Amino acid sequence: MEVDELLEFYFTRPTRPFAGVNYNAEEADTWIIGVPFDATVSFKPGTRFAPRRIREVAWELETYNPRRRADVEELPIADLGDVPLLTEFTTLSKLLRKIAATASRMKKRLITIGGEHLITLPIVSGLLDPLRDSLLVFDAHLDLRDEYPMSAKYSHATVMRRIREEVGVEIYYYKPRAFSKEEHAFLKKDYGLHIVDDISKVDDVGKNIYLSIDMDAVDPAYAPAVGNPEPLGLLPAEILEVVKRLGEMGVHVKGVDVVEVNPMIDVNDITSMLAAKILLEILFLLYL
Ligand SMILES: [Mn+2]
């Protein structure tokens, strides 16, 4: 599938692209997409509004980076816009896999603004090679349940279990802190699952990675508007320190997603603003 077809049929172009990024899809080496999907959310829905809100607040952030002596609009990044609002995961899944496979074939890095965490499954399925690539996850939770809620195989709480089963890529969790008994037992018996409990151990994750950031990894004091807030979380800067270290080790980042922000329950846009800032800083780190 060519990129014109992608843009014409599947994307709603944003009125204002993320943080003013300015390249077109062909010339850019990094694509940003928004996925307004929250159909499996078990508690408070609203993450479907995050791509729109995160773009809006990103316009209020400064976008010049003195270390790189460049503004974000000078980096070869294109914002393709949002995929359509779908409430049916099977259809969304096919579409996201197709977009990710196109990005992979065209050697584009894929940055996704979610949406709930389930969207990571079709994206990594289309983007990653399970024999070469690995997945680094920032999340308070493991998302390894077999079903949640009852009888639901595909939800934000089962996404990493399905990724292990259907994609097979190895998963590294950075400092998770909320476990169910079932998930912990599964973690112990699946050798493709790893816990990174110290920044120095980030060196083990491999040379080609995908970064999935569930904003509930961050302490609720900094990111209150998430579906399942869990106290005693990360400081926001810790995520950037990890990304910086990956860069220093020459790790290639094939894609990034930031998921689970719910603007409907946010406080003065704190969570949306932090998600926008983290994305912006990651973009600069990828080009340093
Ligand atoms: Mn999650």
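Fair warning: this is a prediction, and the values are worked out from it, not measured in the lab. Along the sequence shown, residues carry numbers from 1. When a ligand or atom number is given, it counts from 1 through the structure's own listing order.
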Are K254 and D133 ion-paired here, with the side-chain N under 4.0 Å from a carboxylate O?
yes

Under a 3.5 Å threshold, yes or no: a donor from one side chain and an acceptor from the other, between H141 and N228?
no

As a test of reading the structure, name the N/O/S atom of D143 that is nearest the Mn ion (ligand 1).
OD2

N, O or S atom of H117 closer to the Mn ion (ligand 1) than 2.8 Å
yes

Restricting to N, O or S, what is the name of the atom of D214 that lies nearest the Mn ion (ligand 1)?
OD2

Answer yes when E147 and R161 have at least one side-chain N-carboxylate O distance shorter than 4.0 Å, and no when they do not.
no

Option passing salt bridge (charged side-chain N to carboxylate O under 4.0 Å, His left out) with D82 (candidates R55, R48, R52):
R55

Indicate if the distance from the Mn ion (ligand 1) to the nearest N, O or S atom of D139 falls below 2.8 Å.
yes

